[in-house]
Amino acid sequence: MMTLRLGDTAPDFTVETTEGKITFHEWLGDSWAFFFSHPADFTPVCTTEMGRTAQLSGEFSKRNTKPLGLSTDTVEEHNKWIFDVNDTQNTTLNFPIVADADHAIAQLYDMIHPGESETAAVRSVFIIDPKKKIRLTMTYPMSVGRNFDEILRVIDALQLGDAKRIATPADWRPGGDVIIPPSISDEEAKDIFPQGWNEIRPYLRTTKV
Ligand code: BEZ
């Protein structure tokens, strides 16, 4: 198994999900993916995360991003669990969950960390762009639920960076000042950022977009 790194092509796979069989790259089409794994069905932290993803379905759609969950159980178990997720989190789960009972996809994406558990996936996140490139990875332990504000924020930052050739500073929020990357010279920056910029240091230039 190879370590997956930023900029790698996300491995393709065909698998059963709660919404039928999918081939990942084809299913993704021209969208971004939020691909996230869970230790197991019918566990408390996972239930809240699945619910939160469903509640945020409008926010993911606005960002042309399709959620895809994974847990190392069967479609039958997933479907029973979805009933509980909807009931307890007051939502309607409307994205596929990969059935990975044989751990094939979890292995492919290095989601099993034996030091944490030999059999269950940790909380991995892969943000994948429409060219199928891995743009962000995060790995959370089993005992800590993910921060969904951060997941949306990072998708916003990646998409803005692609569109406007900028980087984002610590704790950036949409609407906040952005950074002109050092790879863009002042000469080039005059064309790309006619609104000008604030030069705090020659390597630290901020602007508004
Ligand atoms: C959970 O998803 O709730 C969970 C899973 C494994 C360990 C602790 C919590």
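FYI, the numbering just counts along the sequence from 1. All ligand and atom numbering here is 1-based and tracks the order in the structure.
Side chain to side chain, His78 and Asp41 meet the donor-acceptor criterion of an N or O pair below 3.5 Å.
With hydrogens left out, the protein atom closest to atom 2 (O) of ligand 1 is Arg123 NH2, 2.8 Å, a heavy atom. Looking at atom 7 (C) of ligand 1, its nearest protein heavy atom turns out to be Met142 CB, 3.8 Å.
Ion pair Glu77/Lys80 not flagged as a salt bridge, since none of the NZ, NE, NH1 or NH2 atoms sits closer than 4.0 Å to an Asp/Glu carboxylate oxygen.
Applying the side-chain hydrogen bond (donor to acceptor under 3.5 Å, both in side chains) test to pairs two or more places apart or on separate chains, those with a residue in residues 16-26 are Thr14-Thr23.
Polar contact with ligand 1: absent for Ser143 (N/O pair, distance under 3.5 Å).
Relative orientation of the Tyr109 and Phe13 rings is perpendicular, given thresholds of 30° and 60° on the angle between their planes.
Neither the backbone nor the side chain of Glu116 has a heavy atom within less than 4.0 Å of ligand 1.
Contact atoms of ligand 1 toward Val45: 1 (C), 2 (O), 3 (O) (distance under 4.0 Å to a heavy atom of the residue). Close approach of ligand 1 to Cys46 is summarised as follows: ligand atoms under 4.0 Å from at least one heavy atom of the residue are 1 (C), 2 (O), 3 (O). Near Pro44, the atoms of ligand 1 lying under 4.0 angstrom from a non-hydrogen atom of the residue are 1 (C), 3 (O).
Surrounding CD of Glu150 are more than 12 heavy atoms belonging to other residues, nucleotides or ligands, all under 6.0 Å away.
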Which donor-acceptor pairs under 3.5 Å do side chains of residues 175-191 form with protein atoms, sequence neighbours excluded?
from   : atom 1 : to     : atom 2 : distance (Å)
Asp177 : OD1    : Lys208 : NZ     : 2.6
Ser185 : OG     : Glu188 : N      : 3.1
Asp186 : OD1    : Arg205 : NH1    : 2.9
Glu187 : OE1    : Lys190 : NZ     : 3.3
Glu188 : OE2    : Arg165 : NH1    : 3.4
Glu188 : OE2    : Arg165 : NH2    : 3.1

